[in-house]
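In each ligand, atom 1 is the first atom listed, and ligand 1 is the first ligand listed. The figures here come from the full heavy-atom set of this structure, side chains too, leaving out hydrogens, waters and symmetry mates.
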Amino acid sequence: MTMFNNTNIKKLSQHETPFYYYDLGVLRQTLEACTNASNQYGFHVHYAMKANFNPRVLDMIRSYGIGADCVSGNEVKAAIEHGFAKEKVVFAGVGKSDKEINLALDADIFCFNVESVQELHIINDLAKAKNKTANVAIRINPNVDAHTHHFITTGLDENKFGINIWQLNDVADALRACPNIQFIGIHFHIGSQITDMEVYKSLCTRINEMQDWFEDHGFQVKILNTGGGLGVDYYNPDTNTFSDFESYFKVFKQFLNVKPGQEVHFELGRALVAQCASLISRVLYVKNGQKKNFLILYAGMTELIRPMLYQAYHVIENLSREEAGSKSQESGQEKSQISNLKSQILNYDVVGPICESTDCFRKDVELSESFRGDLIAIRTAGAYAEVMSSNYNLRDKAQNVYSE
Ligand SMILES: *Cc1c(COP(=O)(O)O)cnc(C)c1O
């Protein structure tokens with residue numbers, strides 16, 4: 001499945017750039033694959049809203065019966081406004097303010113994922129003032145294979161997120177001392193862009209140990225929340241349109257010790273939305289140097305900061321030159337016409353217009369010879385792209401264009 005063909009490229013070329021192009025067909029296909037895989041085991045999926053809170057995206061995700069995982073008061077508010085049932089809204093985050101906690105208490109959300117002993121006491125006090133009881137899950141730092149997997153870079157004791165295992169006795173004491181808190185389960189989130197299923201296998205082992213600890217200390221664990229982090233294929237967005245949800249959920253089915261009456265929850269962000277959008281920009285200028293060629297786009301780090309922030313890789317395509325040749329859906333005759341049009345392949349540093357030298361999407365990108373006005377697509381821009389956009393340099397907010 002490919003996002004671009006000559007028909008939609010023609011349509012896209014009528015819009016002012018930069019814009020985010022949302023392919024709602026890709027989103028639908030991803031959500032179907034995810035819910036088909038999770039439903040066979042009765043697993044509950046929440047969407048980590050911070051990945052993308054575009055209203056059309058939220059509405060479609062909600063329509064698949066998926067819940068909302070929020071990390072701010074405004075996200076809780078937006079989830080409720082977009083029709084997510086309050087019984088399916090959870091609120092995580094290492095720094096929830098009193099105002100945010102009160103908002104979530106007023107909304108009667110399903111659960112607070114609590115990240116410190118002090119936070120437990122604060123939620124208890126605020127709930128007491130409202131004569132309410134707050135459901136909480138304790139976020140635990142599981143220290144899963146910290147030495148072998150690079151995405152967990154800090155040790156157990158140094159991570160700002162979650163509660164360390166050596167603090168669990170204090171947690172148990174606090175839970176007993178807080179009458180306006182109802183402990184319902186344990187929560188984990190070990191990192192992002194994880195594609196190695198062995199990591200999740202290790203996580204399952206840790207979750208099993210932790211639930212035994214709580215049960216041994218007299219707490220009933222109703223919810224096992226495994227967090228999110230499932231990765232996507234940034235290198236092959238067309239051949240791997242969605243992640244391997246089947247294998248992902250199967251690991252938990254096989255290795256998690258789920259007791260009767262327990263629910264298993266997931267919080268996927270990136271895996272649900274990353275592939276459904278591309279950032280589209282025209283080439284403003286081409287600078288041919290002695291050693292380097294620069295393609296200067298009108299999109300920059302203000303629209304997609306991932307390459308500058310974490311050296312993230314995104315496929316870059318010149319839709320005006322390469323779309324038909326590389327997607328090979330055309331008849332032989334059309335193909336040969338296109339290859340006549342095709343010129344030499346050149347190396348470009350693809351950069352934005354922002355006054356920062358780090359404003360570069362990628363160096364040495366191989367593209368057909370490109371010209372001012374060409375339409376460039378930066379793929380896999382559905383997660384952590386639009387939500388991280390800024391108006392630095394007093395830039396306009398990029399528009400959204402939808403496939404339907
Ligand atoms: C960010 C986040 C997620 C989602 O992470 P992805 O890598 O996008 O799947 C899930 N849970 C929590 C608590 C998060 O902070």
Side-chain angles (χ1 to χ4, degrees), residues 27 30-31 33-34 37-38 43-54 57-58 61 66-76 78-79 84 88-96 100 104 109-116 119 136-142 144 149-154 159-163 185-197 199-200 203 207 223-234 242-245 248-249 251-252 264-277 305-306 309-310 312 380-388:
L27 179 58
T30 307
L31 295 170
C34 175
S38 63
F43 289 161
H44 298 251
V45 177
H46 290 90
Y47 168 56
M49 246 175 93
K50 73 173 187 285
N52 189 320
F53 36 71
N54 176 301
V57 169
L58 287 184
I61 289 175
I66 292 170
D69 167 43
C70 306
V71 290
S72 73
N74 284 343
E75 283 191 7
V76 170
F84 285 89
K88 286 188 180 179
V89 174
V90 301
F91 184 14
V94 68
K96 304 177 189 76
E100 290 176 312
I109 62 161
F110 173 63
C111 186
F112 291 84
N113 293 334
V114 172
E115 310 222 6
S116 69
E119 185 191 333
V136 305
I138 300 297
R139 176 169 178 178
I140 301 167
N141 255 336
V144 166
H149 297 284
H150 64 276
F151 49 80
I152 297 181
T153 50
T154 57
N159 195 318
K160 78 170 176 177
F161 297 106
I163 291 175
I186 49 180
H187 172 232
F188 302 81
H189 177 65
I190 54 172
S192 208
Q193 185 53 21
I194 298 165
T195 49
D196 178 1
M197 293 301 141
V199 172
Y200 286 116
L203 174 63
I207 296 176
I223 309 286
L224 303 176
N225 185 335
T226 72
L230 179 62
V232 300
D233 190 343
Y234 279 94
F242 49 83
S243 309
D244 187 357
F245 294 112
Y248 172 67
F249 290 118
V251 166
F252 291 93
V264 185
H265 290 207
F266 295 83
E267 300 170 338
L268 297 175
R270 186 191 314 272
L272 297 186
V273 294
Q275 300 290 17
C276 78
I305 202 173
R306 298 188 67 257
L309 205 54
Y310 345 93
T380 319
Y384 306 109
E386 190 188 344
V387 286
M388 287 190 174

Chemist: Among His44, Arg139, Glu267, His189, which residue satisfies the side-chain hydrogen bond (donor to acceptor under 3.5 Å, both in side chains) criterion with Asn225?
Modeler: Glu267
Chemist: Could you tell me whether Lys96 sits above the aromatic face of Phe91, with NZ or CZ closer than 6.0 angstrom to the six-membered ring centre and within 45 degrees of the axis?
Modeler: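 Flagged: Lys96 positioned over aromatic ring of Phe91.
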Chemist: Could you check, using the six-membered ring where one of them is a Trp, whether Phe84 and Tyr47 have ring centers closer than 6.0 angstrom?
Modeler: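 Between Tyr47 and Phe84, which both carry aromatic rings, the centre distance is not below 6.0 Å.
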Chemist: Are Phe43 and Phe252 an aromatic pair, judged by ring center distance below 6.0 Å?
Modeler: no
Chemist: Going from NE2 on His187 to CD1 on Ile140, what distance comes out if it is rounded to the nearest 0.5 angstrom?
Modeler: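 Reported value, rounded in 0.5 Å steps: 10.5 Å.
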Chemist: Name each N or O atom in ligand 1 that is under 3.5 Å from a protein N or O, and give the partner atom and the distance.
Modeler:
from	atom 1	to	atom 2	distance (Å)
ligand 1	7 (O)	Ser192	OG	2.3
ligand 1	8 (O)	Arg270	N	2.8
ligand 1	8 (O)	Tyr384	OH	2.5
ligand 1	9 (O)	Gly229	N	2.8
ligand 1	9 (O)	Gly269	N	3.0
ligand 1	11 (N)	Asp69	OD2	3.2
ligand 1	11 (N)	Glu267	OE1	2.7
ligand 1	15 (O)	Lys50	NZ	2.8

Chemist: Indicate the ring-plane relationship of His265 and His46, choosing parallel, tilted or perpendicular according to the 30° and 60° boundaries.
Modeler: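 Tilted, since the angle between the ring planes falls between 30° and 60°.
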